Novice: 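Mind having a look at this structure? Questions to follow.
Indexing begins at 1, ligand by ligand and atom by atom, following the structure's order. No experiment lies behind these values; they were computed from the predicted model shown.
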Amino acid sequence: MLSVQNLHKQFDELVVLDGIDLQVNKGKVIVVIGPSGSGKTTLLRCLNVLETPTKGKVSVNNMELDFSQKVSKKDIQTLRKQTGMVFQTYNLFPHMTALQNVIEGPVTVQKVAKTNAQQKGKQLLEKVGLGDKLDYYPHQLSGGQQQRVGIARALAIDPEVLLFDEPTSALDPELVGEVLKVMKELAEEGMTMVVVTHEMNFAKEVADEVIFMDGGRIVERGTPTQLFTEPQNNRTRQFLNLIN
Ligand code: ADP
């Protein structure tokens with residue numbers, strides 16, 4: 001479904017991703033954990049080509065982009081349509097209602113007819129529990145509600161994979177649960193997901209595989225039980241001790 005081979009990303013002299021290999025099979029949930037600055041967000045942004053990798057390959061559904069060569073804008077657009085991104089700070093358009101935010105991608109990028117997009121957008125907002133907030137603007141919604149609009153928007157392009165970049169870390173604690181609940185439901189429905197998060201309970205309950213990153217590399221990977229109860233690497237142990 002999603003595969004990453006030997007992915008590197010450098011900002012000037014700073015090596016942020018130093019040879020990442022990753023396979024995400026259909027319907028699986030991969031949770032990425034690691035200390036601040038270890039490259040988690042950059043990895044997600046490279047998967048969606050919001051950042052251009054320095055070298056390496058990203059494939060989604062048999063479409064492969066090799067960043068050791070020049071990659072065309074068209075291929076980047078095609079890949080982006082298959083990967084929905086949910087951002088830490090929601091990134092909703094402030095002058096658009098919840099429904100307008102959700103249909104923006106399908107209507108302007110995918111050229112879906114507006115009435116069809118609206119019908120589907122309503123269903124998606126109902127799915128994330130916001131069927132009664134279609135015409136609300138972001139500033140009229142709580143952080144948790146805005147993030148659920150963000151999830152509905154990411155789903156609106158029918159992505160093969162959903163990418164979550166610390167989706168709950170900007171939220172007040174009492175609003176975290178409602179967003180995690182929606183994410184858990186999506187996982188149960190078989191959505192393929194890559195989730196960067198500090199929510200270890202979510203990782204324990206929902207992840208098929210947990211990846212621990214440090215210094216731009218994957219230091220350790222395994223099932224939640226393996227990683228949380230029998231970490232093999234010292235750095236993983238140190239990190240888990242610090243956050244527990
Ligand atoms: P994490 O998500 O694990 O906290 P990030 O991927 O955000 O890590 O950042 C990894 C490193 O890359 C950090 O040192 C950060 O300062 C650097 N970095 C991220 N984005 C940029 C950028 N656009 N320009 C320069 N450095 C960046």
Novice: For Pro35, counting its heavy atoms only, list the atoms of ligand 1 lying under 4.0 Å from any of them.
Specialist: 3 (O)

Novice: Pairs of nitrogen or oxygen atoms closer than 3.5 Å, one from Gly37 and one from ligand 1: do any exist?
Specialist: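 There is such a contact, yes.
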
Novice: Consider only side-chain N and O atoms of Thr54 and Gln10, and report whether a donor and an acceptor are under 3.5 Å apart.
Specialist: no

Novice: Among all the protein's non-hydrogen atoms, which is closest to atom 6 (O) of ligand 1, and how far away is it?
Specialist: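 Of the protein heavy atoms, Thr42 OG1, 2.5 Å lies nearest.
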
Novice: Could you go step by step and tell me if Asn61 and Glu160 meet the side-chain hydrogen bond (donor to acceptor under 3.5 Å, both in side chains) rule?
Specialist: CA-CA 8 Å; Asn61 248 356; Glu160 296 290 340; 3.1 Å; yes

Novice: What I want to find out is whether Glu209 reaches Arg221 closely enough, with some N-O distance under 4.0 Å, to be called a salt bridge.
Specialist: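 Yes, this pair counts.
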
Novice: Indicate, as side chain, backbone, both or neither, the part of Thr41 found under 4.0 angstrom from ligand 1 when only non-hydrogen atoms are considered.
Specialist: both

Novice: Which atoms from ligand 1 have a heavy atom of Val16 less than 4.0 Å away?
Specialist: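 What qualifies from ligand 1 is 10 (C), 11 (C), 12 (O).
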
Novice: Do Leu79 and Val58 come within less than 4.5 Å of each other through their side chains, counting heavy atoms only?
Specialist: yes

Novice: Is there any N or O on Glu166 that sits under 3.5 Å from an N or O of ligand 1?
Specialist: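 So ligand 1 has no N or O lying under 3.5 Å from an N or O of Glu166.
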
Novice: Are Glu51 and Thr42 linked by a side-chain donor-acceptor pair shorter than 3.5 Å?
Specialist: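 No, no side-chain donor-acceptor contact under 3.5 Å.
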
Novice: Within 45 degrees of the axis of the six-membered ring of Phe11 and under 6.0 Å from its centre: does Lys9 put its NZ or CZ there?
Specialist: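 Geometry flag: set, cation within 6.0 Å and 45°.
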
Novice: Judged by atom type as modelled, is there a donor-acceptor pair below 3.5 Å linking the side chain of Lys133 to the main-chain atoms of Leu141?
Specialist: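 No: the side chain of Lys133 does not pair with the backbone of Leu141.
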
Novice: To check your reading of the model: name the closest protein heavy atom to atom 3 (O) of ligand 1, its residue, and the distance in Å.
Specialist: Lys40 NZ, 2.8 Å

Novice: Tell me which protein heavy atom sits closest to atom 14 (O) of ligand 1, plus the residue, atom name and distance to 0.1 Å.
Specialist: Leu14 CD2, 3.8 Å

Novice: Mind checking whether Gly216 has a heavy atom under 4.0 Å from ligand 1?
Specialist: no

Novice: Note the single closest protein heavy atom to atom 8 (O) of ligand 1, along with its residue, its atom name and the distance in Å.
Specialist: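 For atom 8 (O) of ligand 1, the nearest protein heavy atom is Gly39 N, 3.2 Å.
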
Novice: Within a distance of under 4.0 Å, is there any protein heavy atom near atom 16 (O) of ligand 1?
Specialist: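 So far as the 4.0 Å threshold goes, atom 16 (O) of ligand 1 is out of reach of every protein heavy atom.
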
Novice: Counting only nitrogen or oxygen atoms and a 3.5 angstrom limit, does Phe11 reach ligand 1?
Specialist: no

Novice: Among Ile211, Leu43, Asn6, which one satisfies side chain to side chain contact (heavy atoms under 4.5 Å, CB included) with Ile20?
Specialist: Leu43

Novice: Under 4.0 Å from a heavy atom of Ser38: which atoms of ligand 1 are those, numbered in the order shown and with their elements?
Specialist: 1 (P), 3 (O), 8 (O)

Novice: Is it true that the NZ or CZ of Lys184 lies under 6.0 Å from the centre of Phe202's six-membered ring and within 45 degrees of the ring axis?
Specialist: no

